[in-house]
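Beneath this line is the structure, given in structure tokens, with notes to follow.
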Amino acid sequence: MSLNKHALRPFVTYRVIDAAKRLFLCLLGLVCFCEIGSKAKATGKSPDADSLLKFAIDCKVDTTKSLLLGEASYQFRSRSQDTSMMLARQGFGLANELGYAKGKAINLRCIAIQLFNRGYIDSSYIAFQQAEEFAKEANWDKDRAISLNYLAEILKLKGMYTRSAENYFLSLRILESLQDTAGICSALSGLSEVFYLQKSYEEAEQYLKRAEALIPYLESPITAIQIYQNLAKVSLTKKGNYTAEKYARLSLFLAQRHKLSTQESFAYNLLGESYLQQKKLKKALDQFHLALKNAASHYQMNVLNNLARTQLDLNQPDSAIFNARKSLDLSLQFKTTESQLKATEVLIDAHQTLGKYQSALAYYALHDSLSKVQFDEDKTKVINRLAFEYETERRKERIQLLEKEKSWQVEQVKIEKRNTILTLIGAVVLAIVSVSLVWILIKYKETNMALISQKQAAEKQSEALQLSNATKDRLFSIIGHDVLGPINRLKGVMKLVNQSVINKEEFSGMFPQLHQSVDHVQGTLENLLHWSSQQLRGQKVQPSVVQVRNIVQGVEALLSDLAKEKKIMLVNEVPSDLQLFTDENHLKIILRNLMTNALKFTEPKGVVSVRSKSGEDNVTIEVVDTGKGIAAKQMENIFKMENFQSTRGTAGEKGTGLGLILCKELTEANQGSISIMSNKGKGTTVSVSFPAFTS
């Protein structure tokens with residue numbers, strides 16, 4: 001049956017009209033969005049929230065509507081958090097239905113901002129990550145940079161300074177390519193705070209100076225105010241009281257001019273701190289009182305502490321106690337340990353001044369307990385600072401290496417030019433200076449050889465650097481995944497028990513797994529400590545006459561619970577009279593790691609045996625298992641820290657690969673050697689050989 005072409009005409013006409021309508025609506029939406037942008041550009045201001053909301057409601061094009069809802073949500077972020085969240089959710093739902101990455105990016109970012117403002121830090125971090133991915137998918141660099149700045153801010157609050165700096169640097173590169181002055185200033189200011197918190201005040205000041213140079217090109221005063229205030233804080237750390245006062249006054253002038261009360265409060269507090277350093281106590285007191293008028297509740301505790309300290313210096317202990325107590329109450333509310341410490345210090349001194357020693361002693365006890373909490377927080381910050389310094393050092397090493405390569409290339413060009421000139425001269429006066437030409441050729445060869453040697457040395461240095469960095473990365477990975485991971489899981493379970501989320505029966509069911517995690521962490525930490533000690537202080541071997549069978553029995557007793565749990569038989573076939581002249585502690589570590597690995601990779605009801613072979617010059621101890629064996633590809637990298645990939649045991653046990661590397665280093669330190677033979681699915685034999693003992 002053939003179709004009549006005339007019958008198709010109404011259908012084709014309908015499709016054409018429908019397509020034309022859709023195109024018209026898209027163009028209408030685009031014109032509306034462009035009109036908003038052109039008005040903002042002409043007036044120098046963004047359209048207000050109400051205008052954006054009206055445009056969004058009236059818009060008929062879904063993609064444009066989702067963008068307008070996101071922009072309106074962003075404008076409502078300070079005015080009404082509930083309205084902002086509602087609009088962002090509507091916009092995200094609409095964009096999600098359409099699969100519109102740009103709409104999802106802006107609306108999810110607004111949702112993340114509201115989560116952050118309400119104190120849901122972890123949830124907001126995840127939302128910002130997804131928003132950044134959607135912006136990247138949509139090739140929307142501006143929105144991606146904003147999300148990266150927020151991610152950096154959250155990481156900075158958590159004390160993860162290295163990752164925070166990475167996000168700021170990535171955002172800065174994007175904003176520089178877009179020539180976004182305000183965004184560049186914001187990223188530079190954030191970077192300066194990361195360095196400030198690391199007590200790297202010179203670097204912090206460098207980034208702030210770069211941002212200060214861009215202030216004349218800023219439209220919004222808030223960014224300029226924040227830059228001046230950060231410069232004042234850095235100046236205070238360097239005891240630059242008058243410089244700090246200058247920057248504080250600049251920020252105060254801008255805040256008052258634009259009626260920004262919160263920023264005005266920050267400026268008064270900085271002025272007060274400047275006067276306090278200058279010992280101008282009455283002036284400082286006046287500034288702190290002014291700062292309190294418009295200070296946000298989370299910032300009041302800092303101002304109150306400064307005020308109380310000044311009053312104490314002015315011999316006003318009663319007033320100091322009143323303000324320090326207010327600060328302590330706020331600090332307890334916001335769980336800010338540092339502010340609590342400052343408040344208790346003032347309270348101790350003030351009560352001692354009044355002769356109220358019992359009250360002073362009570363606050364001293366509180367201060368002591370808070371110091372312990374602060375100590376735990378400081379330990380985390382120290383670890384993050386070490387990671388930050390490690391990354392910074394890596395960048396410096398890379399720069400030095402690139403400079404050496406560049407220097408070598410420049411030198412090579414110079415030599416090539418010089419050789420060309422020498423060749424031309426030699427061609428003209430070949431007959432006269434033949435002897436000189438031979439000498440020149442010899443010198444050229446020597447120079448070339450020297451340059452080749454330099455290049456080879458640079459390549460070796462590069463390889464060593466890469467190996468060192470890979471080793472460090474591996475160690476940080478072990479610490480992050482194999483130590484902190486199980487500990488965090490254990491803390492999570494304890495929290496669930498404490499909150500009665502799980503009962504005792506459920507906890508008992510989880511106990512074997514938790515016990516296994518703790519054993520794994522303990523073994524990993526012991527190996528890390530031994531390996532780190534060897535790397536830092538070198539191998540220190542203390543040999544003595546050792547009864548090998550007794551050491552094997554000791555290790556068997558240590559691992560008996562694991563063997564019983566997996567129903568694996570441990571067999572000690574070492575003769576009772578076998579002796580070695582070696583470091584007893586090293587031998588224990590070697591056998592413990594080898595037997596633990598054998599148990600881990602052996603199926604239930606298998607056998608792990610320890611045997612020995614005596615030759616004329618050496619004694620070999622073998623740990624033999626009936627386990628699943630090792631793949632040939634994995635055997636190639638089994639003793640290399642940078643390439644080793646650990647596998648799970650037959651019961652899902654985790655490994656780090658550090659144990660075998662430690663065994664190899666300890667064996668070789670005792671003039672021994674280690675080797676592995678394995679057949680996939682049939683088992684593994686690890687042999688360690690030592691020089692034979694002669695009495």
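For F128, the ring pair (Phe, Tyr, Trp, His ring centres under 6.0 Å) partners at least two apart in sequence or on another chain are Y150. Remark: D122 engages K158 in a salt bridge (charged side-chain N to carboxylate O under 4.0 Å, His left out) (not counting sequence neighbours). Listed by chain and number, the residues in a side chain to side chain donor-acceptor pair (under 3.5 Å) with T582 are N670 (sequence neighbours excluded). Under the ring pair (Phe, Tyr, Trp, His ring centres under 6.0 Å) criterion, Y201 pairs with Y196, sequence neighbours left out. Qualifying side chain to side chain donor-acceptor pair (under 3.5 Å) partners for E153, counting only residues two or more places apart in sequence or in other chains: K156, Y168. Considering only residues two or more places apart in sequence or on other chains, D143 meets the salt bridge (charged side-chain N to carboxylate O under 4.0 Å, His left out) condition with R109. Applying the ring pair (Phe, Tyr, Trp, His ring centres under 6.0 Å) criterion to Y207, with sequence neighbours excluded, gives F195. Applying the salt bridge (charged side-chain N to carboxylate O under 4.0 Å, His left out) rule to E137 yields no partners; only residues at least two apart in sequence or on another chain are considered. Under the rule for a side chain to side chain contact (heavy atoms under 4.5 Å, CB included), the partners of S673 that lie at least two apart in sequence or sit in another chain are S689. Annotation: salt bridge (charged side-chain N to carboxylate O under 4.0 Å, His left out) contacts of R611 (sequence neighbours excluded): E573. Shown here are the side chain to side chain contact (heavy atoms under 4.5 Å, CB included) partners of S339, two or more places apart in sequence or in another chain: M301, N305, S331, T336.
Applying the salt bridge (charged side-chain N to carboxylate O under 4.0 Å, His left out) rule to pairs touching residues 669-688 yields nothing, sequence neighbours excluded.
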Query raised in the report: Under the side chain to side chain contact (heavy atoms under 4.5 Å, CB included) criterion, do V607 and S609 qualify, and how do the steps go?
Result: CA-CA 6 Å; V607 180; S609 305; 3.6 Å; yes
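R549 CZ: more than 12 foreign heavy atoms inside a 6.0 Å radius.
Nearest heavy-atom pair across A145 and S171 is O-OG, 3.3 Å.
A salt bridge links K588 with E584: at least one charged nitrogen is closer than 4.0 Å to a carboxylate oxygen.
With values rounded to the nearest 0.5 angstrom, T344 atom OG1 is found 5.5 Å from L366 atom CG.
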